[in-house]
Amino acid sequence: VTRAGVMSFNAATPSQVTVAGKTNFDAGTGTIMFWMRSSGLANPVGNPATLFDRLNNNGCVLAQNADGTLQFAPYAGGVTVGGETTTAMLSDNHWHHVALVYDQSPSGPLGGIIAFYIDGSLDSSTTLGLGWAWQPGQEIELGLSHDTNSWQAYNGFMDDVRCYDRGLTGAEIASAKGGALVDTNALIMQLNFDTAPVSGLTLTWQCADTILQSADKITGPFSDVPGAVSPYTIGVQKAAKFYRYRGH
């Protein structure tokens with residue numbers, strides 16, 4: 001499988017894509033989905049590598065383990081409340097489609113289920129006995145966590161990152177793996193890079209009512225980019241530049 005445009009992460013010079021926190025990310029059930037391609041951890045004896053991080057005392061991390069499996073770690077009050085690990089090992093330098101369906105509460109509509117789907121098929125699942133929740137307003141980090149003591153930088157590629165505010169069915173995930181958007185009413189975020197590459201970089205985002213921000217350092221300070229709308233083209237930079245977007 002080849003893909004036209006992707007997010008490239010190089011652990012030698014760690015970088016990340018961040019998405020500002022919005023209330024529609026806080027649903028108790030949902031699906032996190034993306035394509036990934038990696039040959040393994042940059043530091044094979046180090047901590048797992050961050051794929052998706054929305055954690056600040058509460059929330060979760062999706063990470064790549066040294067053996068090529070993926071792990072999902074949910075937290076409540078700074079303490080992990082279980083999780084799930086794939087049986088599939090994905091560090092083979094091939095593209096793989098990953099979907100994680102979650103229900104944060106054992107009494108929720110899906111009974112607290114955590115289910116991994118790899119390449120359109122159910123890989124592993126578990127039912128959590130303890131609930132967890134999102135940290136309201138917490139941003140999403142892709143490829144690099146703010147907590148570098150617990151998670152190392154991802155080394156590889158990601159594409160077509162999506163968040164849905166409900167748990168998709170197996171049939172829907174298989175359809176999404178084939179390229180379908182699937183229930184656009186439940187699709188609350190999609191980051192893809194299907195446009196052919198040009199000199200510089202083009203940023204696209206799907207969340208409405210947002211403002212693009214930029215900074216010279218990953219820690220900020222971030223400033224609004226006047227008049228920026230998706231898709232937004234950035235010329236070749238002579239120095240590092242970091243981007244995120246925030247809600248109005």
Side-chain angles (χ1 to χ4, degrees), residues 14-34 47-64 70-85 98-116 126-154 158 161-167 186-191 205-213 215 217-222 242-248:
S15 60
Q16 66 176 179
V17 174
T18 63
V19 181
K22 293 176 65 69
T23 56
N24 60 353
F25 291 153
D26 297 339
T29 61
T31 303
I32 301 166
M33 182 184 299
F34 52 87
N47 292 325
T50 302
L51 292 162
F52 177 103
D53 181 309
R54 192 177 184 225
L55 175 63
N56 182 4
N57 205 42
N58 299 302
C60 74
V61 175
L62 262 165
Q64 175 190 25
L70 304 187
Q71 66 162 291
F72 173 76
Y75 287 77
V79 179
T80 183
V81 293
E84 182 64 349
T85 301
V98 178
L100 187 284
V101 176
Y102 64 85
D103 183 351
Q104 293 180 330
S105 172
S107 60
L110 301 180
I113 193 171
I114 302 297
F116 266 113
T126 191
T127 300
L128 297 180
L130 298 173
W132 60 285
W134 296 114
Q135 187 76 24
Q138 181 66 21
E139 68 180 6
I140 295 171
E141 299 172 289
L142 303 175
L144 179 69
S145 172
H146 62 280
D147 181 6
T148 54
N149 291 322
S150 301
W151 314 95
Q152 67 173 288
Y154 174 57
M158 294 181 72
V161 181
R162 307 185 196 181
C163 292
Y164 291 85
D165 63 5
R166 71 170 180 86
L187 180 61
I188 56 176
M189 184 190 80
Q190 182 185 24
L191 302 176
W205 57 93
Q206 193 157 317
C207 295
D209 300 323
T210 56
I211 296 173
L212 183 68
Q213 295 185 310
K217 298 180 179 179
I218 196 170
T219 54
F222 282 84
F242 299 88
Y243 294 88
R244 70 181 188 185
Y245 62 80
R246 67 174 179 85
H248 279 291

(request) Decide yes or no for Trp151 and Pro48: does some side-chain heavy atom of the first lie under 4.5 Å from some side-chain heavy atom of the second? (result) yes

(request) Apply side chain to side chain contact (heavy atoms under 4.5 Å, CB included) to Arg54 and Glu141, showing your working. (result) CA-CA 6 Å; Arg54 192 177 184 225; Glu141 299 172 289; over 6 Å; no

(message) Show the nearest heavy-atom pair for residues Asp53 and Ser145, with the distance to one decimal.
(response) OD2-OG, 2.7 Å

(request) Measure the spacing between OH of Tyr75 and CG of Leu130 and express it to the nearest 0.5 Å. (result) 14.0 Å

(message) Looking at every heavy atom in both Gly83 and Thr126, which two are closest together, and how far apart are they?
(response) O-CG2, 3.4 Å

(message) Under a 3.5 Å distance rule, please check whether Gln16 uses its side chain to pair with a backbone N or O of Leu144 as donor and acceptor.
(response) yes

(request) Taking all non-hydrogen atoms of both residues into account, name the closest pair between Gly220 and Ala215 and its distance. (result) CA-CB, 4.0 Å

(request) Could you list the residues that satisfy salt bridge (Lys or Arg N to Asp or Glu O under 4.0 Å) with Arg166, not counting sequence neighbours? (result) Glu172, Asp183

(message) Can you tell me how far apart CG (Leu100) and OG1 (Thr31) are? Round to the nearest 0.5 Å.
(response) 8.0 Å

(request) Check whether any side-chain N or O of Asn58 sits under 3.5 Å from a backbone N or O of Gly78 as a donor-acceptor pair, and report yes or no. (result) no

(message) Both conditions, 6.0 Å and 45 degrees, for the charged tip of Arg162 above the ring of Phe34: are they met here?
(response) no

(message) Working to the nearest 0.5 angstrom, can you tell me the gap between Thr18 OG1 and Gln213 CD?
(response) 9.0 Å

(message) I'd like to know if the side chain of Gln138 reaches the main chain of Asn56, judged simply by a donor and an acceptor atom lying under 3.5 Å from each other, with no hydrogens or angles considered.
(response) no

(message) Contact between Met158 and Leu51 at the side-chain level, heavy atoms closer than 4.5 Å - yes or no?
(response) yes

(request) Check step by step if side chain to side chain contact (heavy atoms under 4.5 Å, CB included) holds for Leu142 and Leu191. (result) CA-CA 11 Å; Leu142 303 175; Leu191 302 176; 3.8 Å; yes

(message) Would you say that Met33 contacts Val98 through its side chain, given a criterion of any heavy-atom pair below 4.5 Å between the two side chains?
(response) no

(request) Measure across Gly167 and Leu110 and return the closest heavy-atom pair with its distance rounded to 0.1 Å. (result) CA-CD1, 4.1 Å

(message) Could you check whether Asp26 and Thr23, counting side-chain N and O atoms only, form a donor-acceptor pair closer than 3.5 Å?
(response) no

(request) Report the C-alpha separation of Gln71 and Leu62 in whole Å, then their side-chain angles, then the decisive distance to 0.1 Å, and conclude whether the side chain to side chain contact (heavy atoms under 4.5 Å, CB included) test is met. (result) CA-CA 6 Å; Gln71 66 162 291; Leu62 262 165; over 6 Å; no

(message) Using every non-hydrogen atom in the two residues, find where Pro109 and Thr29 come nearest and quote the distance to one decimal.
(response) CG-CG2, 3.6 Å

(message) Is it the case that the side chain of Asp103 and the backbone of Gly111 share a donor-acceptor pair, with hydrogens and angles ignored and the cut-off at 3.5 Å?
(response) yes

(request) Report yes if some heavy atom in the side chain of Tyr243 is under 4.5 Å from a heavy atom in the side chain of Phe222; otherwise report no. (result) no

(message) If I compare all heavy atoms of Ala49 with all of Ala153, which pair ends up nearest, and what's the gap?
(response) CB-O, 3.7 Å

(request) Kindly compute the distance separating CG (Asp147) from CD (Gln152), expressed to the nearest 0.5 Å. (result) 12.5 Å

(request) Just jot down the ring-ring contact (aromatic ring centres under 6.0 Å, His included) partners of Tyr102, sequence neighbours excluded, or say none. (result) Trp132, Trp134

(request) Kindly say whether Phe52 contributes a backbone atom to a donor-acceptor pair with the side chain of Thr50 at under 3.5 angstrom? (result) no

(message) Would you compute the distance between atom CD1 of Ile113 and atom OG of Ser105 and round it to the nearest 0.5 angstrom?
(response) 13.5 Å

(request) Would you give the length of the straight line joining atom CG of Leu128 to atom CD of Gln104, rounded to the nearest 0.5 angstrom? (result) 10.0 Å

(request) May I have the step-by-step check of side chain to side chain contact (heavy atoms under 4.5 Å, CB included) for Arg246 and Leu212, ending in yes or no? (result) CA-CA 7 Å; Arg246 67 174 179 85; Leu212 183 68; over 6 Å; no

